[in-house]
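Contents: one structure, followed by commentary.
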Amino acid sequence: MLSTSHRLKKNREFSVVYRKGKRQSTKYLVLRTYRSGANSQKKPIRIGFSISQKVSKRAVVRNRIKRQLRAACRQLLPELQPGWDVVIVVRTAAVQCDYFQFLQQLRKLFADAEILNGY
């Protein structure tokens, strides 16, 4: 689990990222990013996940994907710049991915969005 300070929780937080944020994508994931506020360097990075029933009708499958993504984000957290709001959207092809593929995809997306330190 990500700590509470690193989570996007409210619907309006998600909608701000969708409306004003930038978008990068790969075959399995879409990354939406938004730099939050003027003093954003003091705020921690906040991450939210979006996975629809189009990915899988079974909640077990969707929850497994979310657990793997949370673990990958937790591993990358020390390398990420503070002050960003991020939403990770899962595509239907992600059902066949494993943890290491998610980690690789996230590292690439964060580097493309210039959120990864030393990108």
Side-chain angles (χ1 to χ4, degrees):
M1 225 25 171
L2 291 172
S3 66
T4 307
S5 63
H6 291 290
R7 284 188 239 162
L8 283 178
K9 294 178 266 187
K10 297 188 170 112
N11 188 26
R12 70 173 177 262
E13 296 170 344
F14 277 85
S15 62
V16 166
V17 175
Y18 275 107
R19 251 185 302 119
K20 298 182 180 179
K22 294 183 180 173
R23 179 180 184 264
Q24 284 80 27
S25 62
T26 62
K27 182 178 178 182
Y28 304 115
L29 302 171
V30 177
L31 185 75
R32 298 232 178 212
T33 56
Y34 176 68
R35 175 72 107 180
S36 57
N39 58 354
S40 60
Q41 290 299 329
K42 296 178 183 174
K43 295 181 182 179
I45 187 166
R46 298 186 308 167
I47 302 172
F49 301 94
S50 175
I51 181 167
S52 73
Q53 283 190 344
K54 289 180 184 178
V55 174
S56 174
K57 296 276 187 208
R58 298 177 50 202
V60 174
V61 174
R62 294 192 311 271
N63 291 338
R64 178 184 51 83
I65 292 170
K66 280 192 282 188
R67 278 194 308 273
Q68 290 175 340
L69 286 171
R70 278 191 211 110
C73 285
R74 192 172 48 245
Q75 184 174 346
L76 292 173
L77 209 54
E79 302 174 36
L80 300 177
Q81 295 176 8
W84 288 88
D85 288 344
V86 175
V87 175
I88 298 168
V89 182
V90 180
R91 290 186 166 174
T92 55
V95 172
Q96 60 203 10
C97 284
D98 64 349
Y99 171 76
F100 297 106
Q101 287 174 316
F102 282 133
L103 187 62
Q104 180 184 13
Q105 294 283 312
L106 284 173
R107 190 177 299 275
K108 180 188 179 319
L109 286 170
F110 284 135
D112 290 346
E114 300 177 357
I115 295 176
L116 197 64
N117 287 330
Y119 60 89

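Numbers here are sequence positions counted from 1. Since this is a predicted model, take the numbers as computed values, not measurements.
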- request: Following the transitive rule for hydrophobic clusters with a side-chain heavy-atom cut-off under 4.5 Å over Ile, Leu, Val, Met, Phe, Trp and Tyr, establish whether Val87 and Phe102 coincide in one cluster.
  value: no
Donor-acceptor list for residues 20-33 side chains, cut-off 3.5 Å, not counting sequence neighbours:
from	atom 1	to	atom 2	distance (Å)
Thr26	OG1	Leu29	N	3.3
Thr26	OG1	Leu29	O	3.3
Thr26	OG1	Gln105	OE1	2.4

- request: Please answer: with hydrophobic residues joined when any side-chain heavy atoms are less than 4.5 Å apart, are Phe14 and Val89 in the same cluster?
  value: yes
Pair up each side-chain donor or acceptor in residues 67-74 with any protein partner under 3.5 Å, not counting sequence neighbours, and list the distances.
from	atom 1	to	atom 2	distance (Å)
Arg74	NH1	Met1	O	3.2

- request: Indicate if Ile47 and Ile115 have the same hydrophobic cluster label, given that clusters are the connected sets of ILVMFWY residues with side-chain heavy-atom separations under 4.5 angstrom.
  value: yes
field: Set of residues satisfying side chain to side chain donor-acceptor pair (under 3.5 Å) with respect to Lys108, sequence neighbours excluded
entry: Asp112
- prompt: Got a second to check how far Leu76's CG is from Phe110's CZ, nearest 0.5 Å?
  reply: 6.5 Å
Give the table of side-chain donor-acceptor pairs shorter than 3.5 Å for residues 5-12, with sequence neighbours excluded, one pair per line with atom names and distance.
from	atom 1	to	atom 2	distance (Å)
Ser5	OG	Ser3	OG	3.4
His6	ND1	Ile45	O	2.9
Arg7	NE	Leu2	O	2.8
Arg7	NH2	Leu2	O	2.9

field: Nonpolar side-chain network containing Val60, other nodes, edges under 4.5 Å
entry: none
- prompt: Nearest heavy-atom pair of Gln101 and Gln96: which atoms, and what distance?
  reply: OE1-O, 3.9 Å
message: Is there a side chain to side chain contact (heavy atoms under 4.5 Å, CB included) between Ile65 and Arg62? Walk through the geometry before answering.
response: CA-CA 5 Å; Ile65 292 170; Arg62 294 192 311 271; 5.8 Å; no
task: Report the residues that fulfil side chain to side chain contact (heavy atoms under 4.5 Å, CB included) with Gln75, sequence neighbours left out, ordered by chain and then residue number.
output: Tyr99, Leu103
message: Within the structure provided, determine whether Ile88 and Val86 are in side-chain contact (heavy-atom separation under 4.5 Å).
response: yes
Residue pairs passing the salt bridge (charged side-chain N to carboxylate O under 4.0 Å, His left out) test where at least one lies in residues 79-105, sequence neighbours excluded: Arg46-Asp85, Glu79-Arg107
All N/O donor-acceptor pairs, side-chain side in residues 48-57, below 3.5 Å, sequence neighbours left out:
from	atom 1	to	atom 2	distance (Å)
Ser52	OG	Lys54	N	3.2
Ser56	OG	Arg58	N	3.2

